[in-house]
Peer 1: 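I have a structure I would like to understand better, so I am pasting it below and will then ask my questions one at a time.
Sequential numbering from 1 along the given sequence is applied to the chain's residues.
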Amino acid sequence: MDRPAYNRSAWPFLVARGRHRGYRTLLAPDFLLADGDYGVLDDSVTPGRVPEQVQVVPVVTRSGRHLTVVHTTHQVTAADVDEAPRDEFGRPLRLMYGFVCEEGRFAAPDPADLDACRATALAAYRRFLGDEEGFTVEPGRQFALRSPVTSRGTGTTDTIGTTNTTGTTRTTDTTGTTGQRRRVKGSSGASVPSRTGCLIRVAILVLIGVLVYVLATQCPPPPPNKCTPVSVLEPCHPYVDEPSGSSPR
């Protein structure tokens with residue numbers, strides 16, 4: 001059963017690309033950085049199709065730690081950086097920032113939490129643009145979370161609400177694309193063996209068919225029928241076959 005939990009802790013993070021370098025994690029929770037597990041952010045955070053729309057993604061680290069990642073996509077403006085907010089190919093720069101907390105459900109993340117993360121992310125991003133080659137991932141410090149969170153119960157499948165800056169809520173079923181990142185506890189895996197069994201049966205039938213075809217094409221043809229030749233007796237000519245010198249009858 002879900003139990004309410006308020007004022008939990010969270011850690012800011014940032015995934016972005018620079019003018020010359022591709023997308024990478026630039027700011028990560030200090031505990032993920034210490035464990036070397038911050039790569040989970042690269043794998044789970046993708047640019048949103050709608051700018052500033054919030055996405056909530058459950059993830060599992062390599063060490064088996066269950067976390068919830070709340071993030072949004074921000075297109076960099078001239079006010080955010082000192083130079084033009086574009087890369088060397090003229091493409092607009094985008095930030096994917098937000099916070100990480102222990103596994104939980106969000107009805108609607110508090111905009112104040114994301115505002116605080118954006119300020120921290122922009123500061124780290126400016127330092128990254130100043131030295132893209134030498135920049136190393138910075139640790140994100142823990143802060144008090146304002147968003148109401150409920151702990152996720154075991155063995156259940158639920159929906160995750162996401163909200164954009166206008167306050168509109170969008171619901172995403174965890175059994176869809178997002179929910180496929182983590183197997184629901186207690187779910188049955190019987191469908192996998194049955195599918196495997198069907199594939200094995202089909203492979204056996206195909207193999208039998210191939211063997212029958214090979215044997216049929218490689219068998220020698222039957223020997224031709226050996227018929228006994230029949231001698232043809234030519235009729236004797238009366239004037240040729242009679243002995244010479246005999247008198248006619």
Peer 1: Decide, yes or no, whether a salt bridge links R62 with D37 under the criterion of side-chain N to carboxylate O below 4.0 Å.
Peer 2: yes
Peer 1: Should V202 and V210 be regarded as members of a common hydrophobic cluster, given that ILVMFWY residues are connected when their side-chain heavy atoms come within less than 4.5 Å of each other, either directly or indirectly?
Peer 2: yes
Peer 1: Measure the shortest side-chain to side-chain distance between L32 and L67 over non-hydrogen atoms and say whether it is less than 4.5 angstrom.
Peer 2: yes
Peer 1: Between H74 and D80, does a side-chain contact (heavy atoms from CB on, under 4.5 Å) hold up when you go through it step by step?
Peer 2: CA-CA 11 Å; H74 171 70; D80 296 329; 2.8 Å; yes
Peer 1: State whether R8 and E102 are salt-bridged, where the test is any N-O pair (Lys NZ or Arg NE/NH1/NH2 against Asp/Glu carboxylate O) under 4.0 Å.
Peer 2: yes
Peer 1: Could you measure the distance from the CZ atom of R141 to the OG atom of S9? Nearest 0.5 Å is fine.
Peer 2: 14.0 Å
Peer 1: Indicate the atoms forming the closest heavy-atom contact of P109 with V70, along with that distance.
Peer 2: CG-CG1, 3.9 Å
Peer 1: Hey, does R17 have a side-chain heavy atom less than 4.5 Å from the side chain of R91?
Peer 2: yes
Peer 1: For the pair V45 and V57, evaluate side-chain contact (heavy atoms from CB on, under 4.5 Å) and give the outcome as yes or no after the intermediate values.
Peer 2: CA-CA 8 Å; V45 176; V57 183; over 6 Å; no
Peer 1: Give me the one residue out of V15, L14, V69, T72 that meets side-chain contact (heavy atoms from CB on, under 4.5 Å) with M96.
Peer 2: V15
Peer 1: Any side-chain heavy-atom pair from P85 and T77 closer than 4.5 angstrom?
Peer 2: no
Peer 1: Rounded to the nearest 0.5 Å, how far apart are CG of D115 and CZ of R146?
Peer 2: 9.0 Å
Peer 1: Listed by chain and number, what are the side chain to side chain contact (heavy atoms under 4.5 Å, CB included) partners of V137, not counting sequence neighbours?
Peer 2: T25, A28, L33, Y38
Peer 1: State the CD-SG distance between Q142 and C101, to the nearest 0.5 angstrom.
Peer 2: 11.5 Å
Peer 1: Hey, what do you get for CH2 (W11) to SG (C117), rounding to the nearest 0.5 Å?
Peer 2: 12.0 Å
Peer 1: Apply the test side-chain contact (heavy atoms from CB on, under 4.5 Å) to residues L207 and I204: give CA-CA distance (whole Å), side-chain angles for both, the deciding distance (0.1 Å), then the verdict.
Peer 2: CA-CA 5 Å; L207 181 59; I204 292 174; 5.6 Å; no
Peer 1: State, to 0.1 Å, how close P29 and F13 come at their nearest heavy-atom pair, and which atoms those are.
Peer 2: CD-CB, 4.1 Å
Peer 1: Using the rule that two of Ile, Leu, Val, Met, Phe, Trp, Tyr join whenever any of their side-chain heavy atoms come within less than 4.5 Å, decide whether Y23 and F89 are in one cluster.
Peer 2: no
Peer 1: Count the heavy atoms belonging to other residues, nucleotides or ligands that lie under 6.0 Å from CG of D131, then report whether that count exceeds 12.
Peer 2: yes
Peer 1: Would a 4.5 Å heavy-atom cut-off, applied to side chains only, mark T61 and D35 as touching?
Peer 2: no
Peer 1: Report the C-alpha separation of D87 and R19 in whole Å, then their side-chain angles, then the decisive distance to 0.1 Å, and conclude whether the salt bridge (charged side-chain N to carboxylate O under 4.0 Å, His left out) test is met.
Peer 2: CA-CA 4 Å; D87 65 7; R19 294 190 173 92; over 6 Å; no
Peer 1: Could you tell me if R21 sits above the aromatic ring of F128, with its cationic atom closer than 6.0 Å to the ring centre and no more than 45 degrees from the axis?
Peer 2: no
Peer 1: Would V76 and L95 count as a side-chain contact (heavy atoms from CB on, under 4.5 Å) here? Give the steps.
Peer 2: CA-CA 7 Å; V76 181; L95 309 180; 3.7 Å; yes
Peer 1: Hey, are the side chains of Y125 and V81 touching, using non-hydrogen atoms and a 4.5 Å cut-off?
Peer 2: yes
Peer 1: Do we see a donor-acceptor contact under 3.5 Å between the side chains of E88 and H20?
Peer 2: yes
Peer 1: Compare all side-chain heavy atoms of Y97 with those of H71 and state whether any distance is below 4.5 angstrom.
Peer 2: no
Peer 1: Just verifying a value: how many Å separate S147 OG and F99 CZ, rounded to the nearest 0.5 Å?
Peer 2: 4.0 Å
Peer 1: So how far is it from F143 CZ to T120 OG1, rounded to the nearest 0.5 Å?
Peer 2: 8.0 Å
Peer 1: Which pair of heavy atoms, one from D113 and one from A144, lies closest together, and at what distance?
Peer 2: OD1-O, 4.1 Å
